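The analysis underlying the following values was restricted to heavy atoms, covering all of them including side chains, and did not include hydrogens, waters or symmetry mates. Quick caveat, the model's predicted, so the values are computed rather than measured.
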Amino acid sequence: MAQALADAFLAADDWSRDALTAAGYDVLGVERTYVGVAVGTALDAYPRPPVDAPRQLAAVLATAPRLVRLHDSRGPRRPVRVLARQATAVRARPVTDSPLLVDTLPELARALDLTVGRLLWLADTRGWNRRPGASSPLHHVRHEWVARPGRTPRLLEKPMAMLRRTQRTVLDDLLAALPVHDAAHGFVPGRSVVTGAAGHVGRRVVLTADLTSFFVTVRAPTVYGVFRAAGYAEPLAHVLTGLCTHRVPVHVLTAMPPGGSVDERRALRDALVEAHLPQGAPTSPALANLALRHLDARLAGWAAAAGATYTRYADDLTFSGDDRLAARADAFLRGVERIVADQGHTLNPRKTRVRPAGVRQSVTGVVVNERTAPGRREVDRLKAVLHNCVVHGPASQDRAGHADFRAHLLGRIGWVGQVHPERAAKLRALFARIEW
């Protein structure tokens, strides 16, 4: 009844008592008391029609105390019948010129090169696709457990071709145009591990911390808020959230390999059951950056109050400063932990580090004591792998079984090249001698 009234009110000629009352009578008949209370509730809650939030208006009506008491007083013998349903158009609030910022579900489906049926199947907002068994053709995500000795296993959730293509369109045509916080350097065009590390060069102390289960802890309500803030009306934000989040099927959870404590495994299982950002979807990194915008703002403010610099690369948090920060590093990190917990995340205590100037200071693998430079240990290890590939063949060094070991080595060389082009040139010369 609340949803029918909300749709009727939003389809009314204007947002006035007379127009809403007439719309309510069309839906419920001459239920004067019901309609009168509903109209009063809507006008009290919204001075203007919430044209992009029909579900929110319905929720306000459904929980209005006077309307609930009136409904309960009628009893089962005198039900209120919905006589008609009104179709209402919802309008997006344009905040970008993205071709995906449309007004209706059919328009969104066309923009994504899908039928409405396929779009709703991929979005799976009710979680039906997590119920069938492992061999069901209904699934559109592949799952792969990664065992980590002594640690909680990691689950890779890889979208299949149609879902991946759709997510890539959402990323390229919408998410890439949305602004992220200046502190975010991971998965942002024009920023990298080097730009994130450059702000911490030559500091008295460098503090690093790590967010636990980075993607899994970003839940569907937060992603929904990102799309609402981008300008989408409720129904479209709901569908887009379904496209970009995932609930892990039961048969996958029961196959979790050993590793980690009982509490850690239970926490991971509980998180995977809920709709979350899947690790493996092309949209997840960008959505995580957008979802953590408020956390970044709070941590940047906390750092500025201590005269420190803050950057984040994915789940790696880095703070650096001079004597003022060095004198109260432990207290500062306790404040960081409180802010992170208040935002619904947790820090991994095993990865929190305090590095004064007298030791090797590194930020996401980049040494920052005097200038940005690749870690000598990492470069020497990569050089040894390349040398052994030349002497013994690349198959002898691919111990992790990479799908494309050649691309893997080129990626590692490219990472060194971002920080130290001269060393990367020598590594490329060695790579060129490998017989594939």
Side-chain angles (χ1 to χ4, degrees), residues 134 139-149 151 153-172 175-176 185-196 214-216 244 246 248 252 255 257 259 277-289 313-316 364-366 374-436:
H139 296 297
H140 42 255
V141 174
R142 288 188 293 268
H143 303 87
E144 178 184 338
W145 283 106
V146 179
R148 301 186 294 176
R151 301 167 60 192
R154 175 178 295 161
L155 179 63
L156 300 181
E157 303 160 77
K158 304 176 182 179
M160 295 183 187
M162 184 185 299
L163 178 58
R164 187 174 187 84
R165 175 181 59 81
T166 304
Q167 290 174 338
R168 175 61 65 178
T169 302
V170 173
L171 173 63
D172 294 341
L175 299 179
H185 287 262
F187 317 112
V188 180
R191 306 182 198 176
S192 65
V193 291
V194 179
T195 62
F214 179 52
F215 291 118
V216 173
C244 298
H246 180 57
V248 176
V252 176
L277 289 182
Q279 184 169 350
T283 49
S284 290
L287 280 170
N289 279 337
Y313 189 92
D315 55 354
D316 294 320
T364 56
V366 179
R376 181 181 297 276
R377 213 176 314 170
E378 290 81 358
V379 175
D380 289 345
R381 189 180 299 119
L382 176 57
K383 183 178 179 181
V385 169
L386 294 173
H387 173 76
N388 289 336
C389 286
V390 173
V391 176
H392 304 291
S396 66
Q397 300 303 302
D398 187 15
R399 298 184 178 91
H402 295 281
D404 190 342
F405 188 53
R406 187 176 188 275
H408 169 74
L409 292 179
L410 284 174
R412 292 177 65 181
I413 296 172
W415 179 84
V416 174
Q418 293 184 65
V419 187
H420 204 302
E422 293 80 6
R423 291 185 183 178
K426 295 179 180 179
L427 294 174
R428 287 194 186 92
L430 191 57
F431 176 87
R433 295 168 54 194
I434 300 175
E435 294 185 4
W436 299 92

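In this structure, CD1 in Ile413 is found 10.0 Å from NE2 in His408, a value given to the nearest 0.5 Å. Atom NZ of Lys158 and atom CE of Met160 lie 11.5 Å apart (nearest 0.5 Å). Here Thr283 contributes atom OG1 and Arg168 contributes atom CZ; the two are 9.0 Å apart, rounded to the nearest 0.5 Å. To the nearest 0.5 Å, the span separating CZ on Arg412 from CZ on Arg381 amounts to 7.5 Å. Interatomic distance, Leu386 CG to Arg428 CZ, rounded to the nearest 0.5 Å: 11.5 Å. Summarising the geometry, atom NE2 belonging to His140 is positioned 10.5 Å from atom CE belonging to Met162; distances are rounded to the nearest 0.5 Å.
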Intermediate values then yes/no, side chain to side chain contact (heavy atoms under 4.5 Å, CB included), Val188 and Thr195: CA-CA 11 Å; Val188 180; Thr195 62; over 6 Å; no
Steps toward side chain to side chain contact (heavy atoms under 4.5 Å, CB included) verdict (Arg154, Arg148): CA-CA 8 Å; Arg154 175 178 295 161; Arg148 301 186 294 176; 2.9 Å; yes
Full working for side chain to side chain contact (heavy atoms under 4.5 Å, CB included) between Leu287 and Phe215: CA-CA 9 Å; Leu287 280 170; Phe215 291 118; over 6 Å; no
Stepwise side chain to side chain contact (heavy atoms under 4.5 Å, CB included) check, Val141 with His143: CA-CA 7 Å; Val141 174; His143 303 87; 3.8 Å; yes
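When all heavy atoms of Gly196 and His185 are compared, the pair lying nearest together is N-ND1, 3.4 Å. For the pair Gln397 and Cys389, the tightest heavy-atom approach, listed with the atom from each and the gap, is CG-SG, 3.6 Å. Contact detail for Phe405 and Pro394: the closest heavy-atom pair is CE2-O, 3.5 Å. Considering all non-hydrogen atoms of both residues, Trp145 and Pro153 come closest at CE3-CB, 3.9 Å. Here the shortest heavy-atom pairing between Pro159 and Gln167 reads CG-OE1, 3.3 Å. Nearest heavy-atom pair, Ala286 versus Leu175, reported as atom, atom and distance to 0.1 Å: CB-CB, 4.2 Å.
Remark: the backbone N or O of Gln279 is not paired with any side-chain donor or acceptor of Ser284 at under 3.5 angstrom.
Contact annotation: the side chain of Leu382 approaches that of Leu409 to within less than 4.5 Å [non-hydrogen atoms, C-beta and beyond]. Using a 4.5 Å heavy-atom threshold, the side chains of Phe431 and Arg406 count as touching.
By the 6.0 Å contact criterion, CD on Glu435 is open, its count of non-hydrogen atoms from other residues, nucleotides or ligands being 12 or less. Annotation for Arg433: atom CZ does not count as buried by contact number, only 12 or fewer foreign heavy atoms lying within 6.0 Å.
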